[in-house]
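Scroll down for the structure; my scribbles are underneath it.
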Amino acid sequence: MQPSTEFPIPGLVAYEQFRQRMREHYAAVRSLFVERFREFLLDPPPPESAFLNCDNRYEGDGKCWHIWWDGEGPRYRFWTFPPTPAPYPVFSWDELATFGVEPNQLSCFIDGVFSDVAADAWEDAGGFAVSRPISIDSFLWRSAADGRGWVDRLTMWIKEAAAALPAGPGDARSSRVQPLTCGKMPPIPSDIIAACQDGDRNALLAWADVLEAAGARDEAELLRWLPRFRESIAEGVTVYLGQGAFYLFSEHNTTWWGCGEAEGSLPGEPNEAAVNLGRLLAGWNDCHPALEWLFRDLALWQVSVKCCWFANGQEAVSPTYNLDAGDHLVPFDTTMGVTEVQADQESTEEAGA
C-alpha cells in the first residue's frame, strides 16, 4: 500500500499539540482531581440518579461541580473542587487562532482543556467501575471506548473550517500562505543587521559574506541579488512615488510584484525577481532587514505589511511602519506568514497633514 500523500490539516496538528501541552501543564490538577474523585466515589449515588454531572470551567480559578442527576433536576450537590494550583493562561489567543475556527468558538477549546483533565482523572480514579456514567461537557461517558465527545466536536469544527477554504495550486493544506522557511539562516552579528536597517549597502554585502562563510550560499546570493534588483526598479519606483510605488503579493506558493501601474510579474507567472522576492517573504523573520534596506535605499518610507495565519489563510495582523520616523520592520509569530507588502514615499504623518 502506498503511503498517503495528504497533508495533515494544520489546525488539527496545532490543536493536538495544544492538548498535550496543556495536559502536561495541568498534571498537578489532574492528580488533585483523581484524589477528589476517589473521595467522592466512596459514597454511593442516590438510587434514582442516572449519571454524575461534572462541569469544568475556568472562572478566575479552576472548579469542578458534581451533581448526581436524573435528567430533570439535581438530587443533591456535593462539593466543588478548590482552585487549580496551575497558573492561567498558558497560551495566547493568537495561538488558539491557528486552529482556524471562528473567534466565537475559541472559548470552547479552553473548556475542552478542563474536560480532558477531568476525563483523565476519572479514568485514573477508577470511575468506570461505578454503575452509572459520568457526563463531561454534556457528553455521557460510560467507558473509554465511547471516545471524548468534546474533542470530536472541536476537531469537527477545525475540519469544517479547513474544508471551507479554497485550495491553492499545489497546496494541499488549503492555505493561501507560503510554506514557512524562516529560521534557516546562520545567526548574523547585530551590528551588520543594524547597518542594513540604516540603509548601508556595504552592510548588506557584508551579511552575504557571513552567510557564504557559514555555508549558506543560496541565501548569500539572494542578498547579493537585491542591489541589482534595486537598480532595475529605481527609475520606475520614482515615477510612481505617492501612487503605490512598490507592491508585493504572495499567495499559494506564487509571488507577483510591480511598481505603480507597471507589472513586474503576474499571479501564477513568476519571473526571477518574483521568485527571489517570494523567498524573502517566506523567510521574513530572517530576511526583513534586507527588505528594510531596499525600502530605505529607495526612499520608500511608508511600508504596510499584511500577515495571514498558516492554519486558515485569514488575515492576522496588518501593521504599517514609518521608516522615516524611526520605525523598523520586525519579525512575526511563526504561526503566520507575510502575504502582502506595499511601500511608498508618503508616510502616515504626511497623509494626515
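All values below were derived from every heavy atom in this structure, side-chain atoms included, with hydrogens, water molecules and symmetry-related copies excluded.
Using a 4.0 Å cut-off between charged side-chain N and carboxylate O, Arg217 and Glu221 make no salt bridge. We find that Arg153 and Glu160 are not joined by a salt bridge, their nearest charged nitrogen and carboxylate oxygen being 4.0 Å or further apart. The pair Arg224-Asp209 counts as a salt bridge, with a side-chain nitrogen and a carboxylate oxygen less than 4.0 angstrom apart. We find that Glu24 and Arg21 are not joined by a salt bridge, their nearest charged nitrogen and carboxylate oxygen being 4.0 Å or further apart.
Although no hydrogens or angles enter the test, the distance criterion places no donor-acceptor pair under 3.5 Å between the side chain of Arg296 and the main chain of Trp301. The backbone N or O of Ala234 sits less than 3.5 Å from a side-chain atom of Thr238, completing a donor-acceptor pair. Between the side chain of Thr98 and the main chain of Glu95, a donor-acceptor pair closer than 3.5 Å is present. The backbone N or O of Ala273 sits less than 3.5 Å from a side-chain atom of Asn271, completing a donor-acceptor pair. Judged by distance alone, with hydrogens and angles left aside, the side-chain atoms of Asp146 form a donor-acceptor pair with the main-chain N or O of Arg142 at under 3.5 Å. Counting only distance, with no hydrogens or angles, the side chain of Asn322 and the backbone of Gln302 share no donor-acceptor pair below 3.5 Å. With hydrogens and angles ignored, the 3.5 Å screen pairs a side-chain donor or acceptor of Asp200 with a backbone N or O of Asn202. No donor-acceptor pair under 3.5 Å is formed between the side chain of Gln243 and the backbone N or O of Gly260.
Annotation: Tyr321 is not in aromatic contact with Phe295 [ring centroid separation under 6.0 Å not met]. Taking the six-membered ring for Trp and the full ring otherwise, Trp141 and Phe128 have centroids separated by under 6.0 Å. The ring of Tyr240 has its center no closer than 6.0 angstrom to the ring center of Phe246.
You'll find the side chain of Asp218 reaches within 4.5 Å of the side chain of Arg279, heavy atoms only. Taking 4.5 Å as the limit, every side-chain heavy atom of Ser115 sits out of range of all side-chain heavy atoms of Phe139. Counting heavy atoms from C-beta on, the side chains of Leu154 and Val101 never come closer than 4.5 Å. Looking at Cys307 and Thr339, their side chains never come closer than 4.5 Å, going by heavy atoms from C-beta outward. At least one side-chain heavy atom of Phe99 sits under 4.5 Å from a side-chain heavy atom of Leu96. Leu223 is not listed as a side-chain neighbour of Leu205, based on a closest heavy-atom distance of 4.5 Å or more.
Scanning for salt bridge (Lys or Arg N to Asp or Glu O under 4.0 Å) contacts around Arg148 gives Asp116, Asp120, Glu123, with sequence neighbours left out. Remark: Gln105 pairs with no residue by the side-chain hydrogen bond (donor to acceptor under 3.5 Å, both in side chains) rule, at least two apart or across chains.
Checked against Trp257 for a ring-ring contact (aromatic ring centres under 6.0 Å, His included), the options Phe249, Tyr247, Phe229 give a single hit: Phe229.
Between Val130 and Gly127, the shortest heavy-atom contact is CG2-O, 2.9 Å.
Residue Glu235 places its CD atom among 12 or fewer non-hydrogen atoms of other residues, nucleotides or ligands, all under 6.0 Å distant.
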Check residues 28-35 and write down every donor-acceptor pair under 3.5 Å in which the side-chain atom is one partner and the other belongs to a residue at least two apart or another chain.
residue, atom, partner, partner atom, Å
Arg30, NE, Asp124, OD2, 2.8
Arg30, NH2, Asp124, OD1, 3.3
Arg30, NH2, Asp124, OD2, 2.7
Ser31, OG, Ala27, O, 3.3

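For the residue pair Ser318 / Glu315, a side-chain donor-acceptor distance below 3.5 Å is found, with atom types taken as modelled.
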